[in-house]
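What follows is a single structure, written as structure tokens, with notes after it.
Each chain gets a letter, A, B and so on, in the order the sequences are listed, and its residues count up from 1.
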Amino acid sequence: MSAVVHTPTAGHADHAHDHPHGWRRWLFATNHKDIGTMYLWFSLTMFLFGGVLALGIRMELFQPGLQFWRPEFFNQLTTMHGVIMVFGAIMPAFVGFANWQIPLQIGAPDMAFARMNNFSFWLLPPAALLIVISFFVPGGATAAGWTLYAPLTVQMGPGMDLAIFALHIMGASSIMGSINIITTILNMRAPGLTLMKMPMFVWTWLITAYLLIAVMPVLAGAITMTLMDRHFGTSFFNAAGGGDPVMYQHIFWFFGHPEVYIMILPAFGIVSQIIPVFARKPLFGYASMVYATASIAILSFIVWAHHMFTTGMPVTGQLFFMYATMLIAIPTGVKVFNWVATMYKGSMTFETPMLFAVGFIFVFTMGGFTGLILAMAPIDIQLQDSYYVVAHFHYVLVAGSLFALFAGTYYWLPKWTGHMYNETLGKLHFWASMVFFNITFFPMHFLGLAGMPRRYADYPLQFADFNLVASVGAFGFGITQLLFLYVVVKCIRGGPKAAANPWGAEDGGLEWTVPSPAPFHTFETPPHVK
Amino acid sequence: MDRAIAGALPHLRDAAARQVIMASAMQPAKADRRRNRRTALILASVVLVFFLGVIARRWLAGA
């Protein structure tokens, strides 16, 4: 990022009052900050709901035998936990960050399409409602796994239709959000802010939005075909009618693997913003970070079948997808190396955002390594659908995406609320999350290696000890997140006043040139960036 | 001052002060709006091609 040389209207606290009040402010919101706030509250609500479902899973797995749930309901819990966390919690949370930060970071007055932005958000609550209602229809919610594999999807009850409609709506919301983000970044940057001067968070979101544009319609196509198989007599994936269930897996994972990067690239962006500020050094290898992000996104399109090694494919196919997957380790390694190099000999301090950012690097790298192990076809064939896979993707998505979301929240909370959060409680939140996260998911590696399959409500006695430890950790992790909620609410309600640049970010971005809290309208006249 | 009235009666703009001035400043210029719309339409057409393409591909493949 370059220095701002002229910010004629970089914040007007004097007319920060100039906005509608009451429920109209939120229902008819066109301000990017209000919409960002709504996205963040929505995702936090869904995160807590999905978390309760996860605790339902861990309750059942606390000891062998069936304690609380019927096996069918257990499968509904695992399915809806995945659907809610992916589509209802993590993705909307990053869109919330994008709404708040992208216009502020590029010096734009708002998003390009303010009304479409409003519509994108307000599509989400009805979709969430459909998911919740699906638990109460005959047969309950869909239990086909978050991947919604055929032929299970053809056999499920009406809960499946509700899930399909919910995904369609959430997908439409994501697509509109992506169009808005790309248009805003490409067309509304402040004069002088060239692409290669943009903050890393903006860069990662630009690439993520392109990924969404490319793969969300593919998921929409797949579930539309599923809907047609269920109700209109087609046989796209229904083997009984000559369809091909494995083809569904190909189409789903063409969406599904880039989806993993949709959930992690903005996290990379947040961490890339935070580490230089708390290491008091410029980001090491900015250009290589940009190219590495783009490389990861491009490679994500050619690795999908590593999720399908056990479906049966030619050895050449296995080799191609195995090596292509391993290639992703190179740009990912570049990023990890650059973060470490940024910290090297830096004047580091460890406030809560930095703790979560460093914690992210540590645990995400572990998840990356287990991903490399799973990329090897001979090993994957042994570990497919075992708890090793569950451990792997939770190291990537909880300790990766979620920790980065926490880091970003603590980092920008002073800008959003105008108050500093309680640092002691923030650090307690970090350490408790880190410890309980590892207590929950690290034993799952051993369970998977010992052969425990996922998505079963019961298990043999030999897996009891590690499951008990994982369940204790899960409840600790769940309770810890209530502390996060408390810290955020306390910060919104009051606390020490935050300065415009509370972290002393020398090269942090245009958002630190406006007062805290950021005024309702910012950058009415674009700032000039040198 | 109501913004709609101020918009219809330009001589009242000053009385409306920053509310009106700011609202007009927040509006992108016509050329910018056209550019934004063009970018959005291109992206939306990509979405449509991918959505219909994946279904048409399976349909024509005779699945």
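No hydrogens or angles considered: nothing links the side chains of A/N118 and A/T30 as a donor-acceptor pair under 3.5 Å. With no hydrogens or angles considered, a side-chain donor-acceptor pair links A/D161 and A/H231 at under 3.5 Å. With hydrogens and angles left out, the side-chain atoms of A/H250 and A/T311 include no donor and acceptor closer than 3.5 Å.
Neither the backbone nor the side chain of A/M216 comes within contact range of chain B; no heavy atoms are under 4.5 Å apart. For A/I251, the part sitting under 4.5 Å from any heavy atom of chain B is the side chain, from C-beta outward, and nothing else.
The contact list for residues 171-184 of chain A toward chain B, using heavy atoms and a distance under 4.5 Å, reads A/I175, A/I179, A/I182, A/T183 by residue number.
Your options are B/V49, B/V54, B/L52, and the one with the most heavy-atom pairs under 4.5 Å with chain A is B/V54.
Among all heavy-atom pairs drawn from B/N36 and A/N187, the shortest one is OD1-ND2, 2.9 Å. Residues B/R37 and A/F113 share a closest heavy-atom pair of N-CZ, 4.0 Å.
Other residues, nucleotides and ligands contribute over 12 non-hydrogen atoms within 6.0 Å of the CZ atom of A/F28. Applying the 6.0 Å contact sphere to OH of A/Y149 captures more than 12 heavy atoms from other residues, nucleotides or ligands.
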